[in-house]
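One structure below.
Values reported hereafter were calculated over all heavy atoms of this structure, with side chains retained and with hydrogens, waters and symmetry mates removed. Residue numbers begin at 1 in each chain, while the letters A, B, ... track the order of the sequences.
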2 protein chains.
Amino acid sequence: MKPDALRGHLDALLLATLDGRQLHGYAIIEALQQGSGGALDLPTGTVYPALRRLERAGHVVSDWSTVGGRKRRTYRLTQAGQRALNAERSAWREFTTVIDGVLGGGKWAQQ
Amino acid sequence: MKPDALRGHLDALLLATLDGRQLHGYAIIEALQQGSGGALDLPTGTVYPALRRLERAGHVVSDWSTVGGRKRRTYRLTQAGQRALNAERSAWREFTTVIDGVLGGGKWAQQ
DNA sequence: CTTAATAAGTAGCCGCGCTACGCATACCGT
DNA sequence: ACGGTATGCGTAGCGCGGCTACTTATTAAG
């Protein structure tokens with residue numbers, strides 16, 4: 001998968017990963033890995049700044065905890081984040097509908 | 001539609017628009033507009049440089065013509081461009097499958 | 001005692017879609 | 001005659017965000 005295909009869709013992935021559960025950053029990366037069948041292996045330099053952006057935007061909140069001597073910052077959705085997730089999901093549906101239409105419609109659609 | 005959602009998918013759109021027909025830049029923009037039901041209104045500053053990139057990459061070739069006193073640069077796919085389009089289409093399918101899985105799989109998939 | 005796994009983070013690069021222009025011709029309304 | 005709109009091509013430069021590469025720290029395995 002080409003690197004910048006994710007552009008503009010990363011927030012949706014992160015919010016969806018946190019939907020209904022709270023996870024720390026490293027666990028989010030693993031969840032994304034497993035949830036995508038290994039297709040998504042996001043580097044920390046992608047995920048951590050994105051989580052900070054989401055927190056600044058008020059879509060997630062974080063709490064520190066220590067588990068087995070390691071410090072974890074655990075994130076969870078806010079109500080605004082839940083709303084943002086809903087918006088991202090419908091934006092994604094609209095986006096794929098549009099692109100699917102163009103990608104598929106070229107050959108057989110007009111006759 | 002947020003601006004950079006297209007990131008990494010513009011080439012696919014352009015190649016698909018040129019699939020089976022030859023169009024000049026302005027007509028490509030209109031075709032994209034109509035083919036998307038008005039959702040895609042790409043500025044020339046997006047499309048023209050992208051077409052030049054595709055030409056540099058050998059995916060399209062262009063010929064100049066004059067129609068009604070206006071100069072047109074008409075593009076068409078090369079064989080490499082056709083192959084690139086096929087690759088873009090399957091990459092798109094894979095991409096949407098992955099994102100759909102993550103976006104949909106959060107809540108109800110695992111129980 | 002070195003390597004790998006777990007865990008968080010930052011600095012800076014780079015590509016590309018977009019904004020904002022410039023240039024030119026044709027057509028339509030008034 | 002002239003302004004506005006549509007047609008048509010193009011470039012310069014911004015801005016953003018995902019990525020590379022790096023640092024720091026603790027634990028577990030070998």
Side-chain angles (χ1 to χ4, degrees), chain A residues 1-15 17 22-34 36 39-57 59-60 62-75 88 95 98-99 102, chain B residues 1-15 17 22-34 36 39-57 59-60 62-75 88 95 98-99 102:
Chain A
M1 168 137 45
K2 72 179 69 161
D4 53 14
L6 283 187
R7 277 289 187 122
H9 309 291
L10 179 59
D11 288 5
L13 293 178
L14 295 175
L15 294 174
T17 305
Q22 44 185 353
L23 294 172
H24 54 102
Y26 197 84
I28 291 175
I29 294 175
E30 289 184 319
L32 244 9
Q33 226 162 205
Q34 268 139 26
S36 67
L40 290 174
D41 190 11
L42 303 184
T44 66
T46 293
V47 173
Y48 289 126
L51 288 169
R52 310 300 295 269
R53 282 198 301 270
L54 288 174
E55 189 164 30
R56 275 204 309 276
H59 294 160
V60 301
S62 63
D63 309 285
W64 282 100
S65 60
T66 302
V67 176
R70 275 135 184 166
K71 303 222 169 196
R72 290 177 174 177
R73 177 180 280 209
T74 300
Y75 292 89
E88 292 278 6
F95 176 68
V98 169
I99 307 298
V102 175
Chain B
M1 169 138 42
K2 72 177 74 160
D4 53 14
L6 283 186
R7 278 292 185 121
H9 308 291
L10 178 60
D11 288 6
L13 293 178
L14 295 176
L15 294 174
T17 305
Q22 42 185 354
L23 295 172
H24 56 101
Y26 197 83
I28 291 175
I29 293 176
E30 289 184 320
L32 244 10
Q33 227 162 205
Q34 267 139 25
S36 67
L40 291 174
D41 190 12
L42 303 184
T44 68
T46 292
V47 172
Y48 289 127
L51 288 169
R52 311 300 297 268
R53 282 199 301 271
L54 288 174
E55 189 164 30
R56 275 205 310 277
H59 293 161
V60 300
S62 63
D63 309 287
W64 282 100
S65 61
T66 302
V67 177
R70 276 135 183 166
K71 303 222 170 198
R72 290 178 173 174
R73 177 179 280 209
T74 301
Y75 292 90
E88 292 279 7
F95 176 67
V98 168
I99 306 298
V102 173

5′-ward residue of the pair Gly68(A)/Thr44(B) relative to DNA chain D:
Thr44(B)

Please list, for nucleotides 14-17 of chain D, all pairs of protein and nucleotide N/O atoms separated by less than 3.5 Å.
| residue | atom | partner | partner atom | Å |
| --- | --- | --- | --- | --- |
| dG15(D) | N2 | Arg7(B) | NH2 | 3.1 |
| dC16(D) | O2 | Arg7(A) | NH1 | 3.4 |
| dG17(D) | O4' | Arg7(A) | NH1 | 3.2 |
| dG17(D) | N2 | Arg7(A) | NH2 | 2.9 |
| dG17(D) | N3 | Arg7(A) | NH2 | 2.6 |

Donor-acceptor check, side chain of Thr46(A) to backbone of Leu42(A), threshold 3.5 angstrom: yes or no?
no

Would you indicate which nucleotide in dC19(D), dT19(C), dG10(D) comes nearest to any side-chain atom of Tyr75(B)?
dG10(D)

Drop me the distance from Leu54(A)'s CG to Leu10(A)'s CG, to the nearest 0.5 angstrom.
7.5 Å

Under 4.0 Å between a side-chain N/O of Tyr48(A) and OP1 or OP2 of dG9(C), yes or no?
no

If you measure from OH on Tyr75(A) to CG on Leu15(A), what distance do you get to the nearest 0.5 Å?
12.5 Å

Does any non-hydrogen side-chain atom of Lys71(B) lie less than 4.5 Å from one of Trp64(B)?
yes

Whole-Å gap separating P (dT7(D)) and CZ (Arg73(B)):
21 Å

Tell me: NZ of Lys71(B) to P of dA26(C), nearest whole Å?
12 Å

On the nucleotide dG9(C), are OP1 or OP2 found under 4.0 Å from the side-chain N or O atoms that Arg52(A) carries?
yes

Assign Gly25(B) to base, sugar-phosphate, or nothing according to its heavy-atom contacts below 4.0 angstrom with the strands shown.
sugar-phosphate

Would you say Thr46(B) reaches dC18(C)'s phosphate, i.e. side-chain N/O to OP1/OP2 under 4.0 Å?
yes

NA contact type, Gly45(A), heavy-atom cut-off 4.0 Å: base, sugar-phosphate, or nothing?
base

Where is the tightest heavy-atom contact between Glu55(B) and Ser62(B), given as atom of each residue plus distance?
OE2-OG, 2.7 Å

Candidate nucleotides dA5(C), dC18(C), dT25(C), ranked by approach to the side chain of Arg70(B) - the nearest:
dT25(C)

Is a donor on one side and an acceptor on the other found under 3.5 Å between the side chain of Ser36(B) and the backbone of Ala39(B)?
yes

